[in-house]
Amino acid sequence: MLYVVNPATMTVIASTPLTGALQGYPLSANGQTLYVASTSGTISRLSALTLAITATATLAGVPQDIAITADGTELFVANEAGGADILDGATLVPKQQVPLAFGSPFGLAISPDDLQIYVAATNPGRVIVLDRATRSVVRVVNVGGVPRRVTFTFDGLMALIANEGGWVDVIK
């Protein structure tokens, strides 16, 4: 179940049922659209205020973390089945799948300049950097442990990856 809660009153103002364990849930740049990935294979596009579902897609594999580009045109999905799925941001129609032979993708984030996609692969502990335009691997960083969620510093100069090994990986 997904909820919208009024922070002042702590009351539920909207809810919607979704299947599976919910993983990624980025907001669009204007804050009006919420995207949700479920391990059941479903990707949902919803109104951020009402949680009305405006589009859905079903992917093979196990979707984990997801990220939407700043212009809202592309949604990237880390798929534990071994790749990164790319969907149209408005319709959720699949555009492409990028196979990643470097482990099980879990965490994913788009660089602040929208040029690169960072994918944390939990097995065998790598971070894969994709070029957004060419969809090609430009860098593989062996970090060890079990890298999970990816974020960036405010200035966008470093990626920070939470690692279940007990540390944070920093990639410049």
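These numbers were taken from a predicted model, which means no experiment stands behind them. Residues take their numbers from the sequence shown, with the count starting at 1.
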Undergrad: Looking at every heavy atom in both Ser38 and Gly20, which two are closest together, and how far apart are they?
TA: OG-CA, 3.4 Å
Undergrad: As an exercise, state the distance from CG of Asp88 to OG1 of Thr73, rounded to the nearest 0.5 Å.
TA: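 Atom-to-atom, Asp88:CG and Thr73:OG1 are 7.5 Å apart.
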Undergrad: Kindly compute the distance separating CD1 (Ile66) from OG (Ser44), expressed to the nearest 0.5 Å.
TA: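 Rounded to the nearest 0.5 Å, the CD1-OG separation comes out at 8.5 Å.
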Undergrad: Test Thr39 against Gln64 for side chain to side chain contact (heavy atoms under 4.5 Å, CB included), laying out the working first.
TA: CA-CA 6 Å; Thr39 58; Gln64 293 290 349; 3.9 Å; yes
Undergrad: How close do Pro7 and Met10 get, counting heavy atoms only, and between which atoms?
TA: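 Reported closest heavy-atom pair: O-SD, 3.6 Å.
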Undergrad: Tell me whether Ile43 is reachable from Ile53 by hopping between hydrophobic residues (I, L, V, M, F, W, Y) whose side-chain heavy atoms are closer than 4.5 Å.
TA: no
Undergrad: Are any of the side-chain heavy atoms of Val143 and Ile161 separated by less than 4.5 Å?
TA: no
Undergrad: Between Phe76 and Ile68, is there shared hydrophobic-cluster membership here, with clusters defined by ILVMFWY side-chain heavy atoms closer than 4.5 Å?
TA: no
Undergrad: Would you kindly confirm whether Val141 and Tyr118 end up in one hydrophobic cluster when ILVMFWY residues are joined by side chain heavy atoms under 4.5 Å apart?
TA: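 Hydrophobic grouping puts Val141 with Tyr118.
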Undergrad: Could you check if a side-chain atom of Leu75 sits within less than 4.5 angstrom of a side-chain atom of Arg45, using non-hydrogen atoms only?
TA: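 Side-chain contact under 4.5 Å: no.
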Undergrad: Atom CD of Glu74 and atom CZ of Arg132: how far apart are they, to the nearest 0.5 Å?
TA: 4.5 Å
Undergrad: State, yes or no, whether a side-chain contact exists between Phe152 and Ser111 at a heavy-atom distance under 4.5 Å.
TA: yes
Undergrad: Which atoms form the tightest heavy-atom contact between Gly107 and Ala78, and what is the distance?
TA: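 Here Gly107 and Ala78 meet closest at O-CB, 4.1 Å.
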Undergrad: Is the shortest heavy-atom distance from the side chain of Val119 to the side chain of Val98 under 4.5 Å?
TA: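 Side-chain contact under 4.5 Å: no.
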Undergrad: Check whether Asn79 reaches the backbone of Ala84 with its side chain - one donor and one acceptor, N or O, closer than 3.5 Å.
TA: no
Undergrad: Which heavy atom of Gly82 sits nearest to which heavy atom of Pro105, and what is that distance?
TA: CA-CD, 3.8 Å
Undergrad: Check whether Asp114 reaches the backbone of Ala70 with its side chain - one donor and one acceptor, N or O, closer than 3.5 Å.
TA: yes
Undergrad: Between Ile117 and Val137, is there a shared hydrophobic cluster once you connect ILVMFWY residues whose side-chain heavy atoms come closer than 4.5 Å?
TA: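 Yes, because Ile117 and Val137 connect within a single hydrophobic cluster, where side-chain heavy atoms sit under 4.5 Å apart.
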Undergrad: Distance from Arg149 atom CZ to Leu160 atom CG, nearest 0.5 Å?
TA: 15.0 Å
Undergrad: Would a hydrophobic clustering, with Ile, Leu, Val, Met, Phe, Trp and Tyr connected at side-chain separations under 4.5 Å, put Ile13 with Leu27?
TA: yes
Undergrad: Any chance CE of Met1 has more than 12 other-residue heavy atoms, nucleotides or ligands included, within less than 6.0 Å?
TA: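 Yes, the 6.0 Å shell around CE holds more than 12 heavy atoms from other groups.
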Undergrad: Measure across Val4 and Ala48 and return the closest heavy-atom pair with its distance rounded to 0.1 Å.
TA: CG2-O, 3.6 Å
Undergrad: Distance check, rounded to the nearest 0.5 Å: Leu2 atom CG versus Leu51 atom CG?
TA: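 Reported value, rounded in 0.5 Å steps: 5.0 Å.
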Undergrad: Excluding sequence neighbours, so at least two apart, what forms side chain to side chain donor-acceptor pair (under 3.5 Å) with Asp169?
TA: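 Scan of Asp169 (side chain to side chain donor-acceptor pair (under 3.5 Å), adjacent residues dropped) gives Asn163, Trp167.
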Undergrad: Do Lys172 and Leu157 have side chains that approach each other closer than 4.5 Å (heavy atoms only, starting at C-beta)?
TA: no
Undergrad: Of all the heavy-atom pairs spanning Ala67 and Pro26, show the shortest one and how long it is.
TA: CA-CG, 4.1 Å
Undergrad: Do other residues, nucleotides or ligands put more than 12 heavy atoms under 6.0 Å from the CG atom of Leu115?
TA: yes
Undergrad: Got a sec: does the OH of Tyr25 have more than 12 other heavy atoms crowding it under 6.0 Å?
TA: no
Undergrad: If we ignore hydrogens and angles and just use 3.5 Å, is the side chain of Thr153 paired with the main-chain N or O of Met158 as donor and acceptor?
TA: yes
Undergrad: Roughly how far, to the nearest 0.5 Å, is the OG atom of Ser28 from the CG atom of Asp71?
TA: 11.5 Å
Undergrad: Step by step, work out the side chain to side chain contact (heavy atoms under 4.5 Å, CB included) result for Val127 and Ile171.
TA: CA-CA 9 Å; Val127 175; Ile171 300 175; 3.7 Å; yes
Undergrad: Decide side chain to side chain contact (heavy atoms under 4.5 Å, CB included) for Leu92 and Tyr35; before the verdict, give the C-alpha distance in whole Å, the side-chain angles of both, and the deciding distance to 0.1 Å.
TA: CA-CA 10 Å; Leu92 298 186; Tyr35 298 85; 4.2 Å; yes
Undergrad: For the residue pair Thr42 and Leu18, establish whether any side-chain heavy-atom pair is separated by less than 4.5 Å.
TA: no
Undergrad: Quick one about Gln23 and Asp65 (side-chain donor to acceptor, distance below 3.5 Å, no hydrogens or angles considered), yes or no?
TA: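 Short answer, no.
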Undergrad: Leu100 vs Leu130, test: side chain to side chain contact (heavy atoms under 4.5 Å, CB included). Steps then yes/no.
TA: CA-CA 10 Å; Leu100 299 174; Leu130 300 173; 3.9 Å; yes
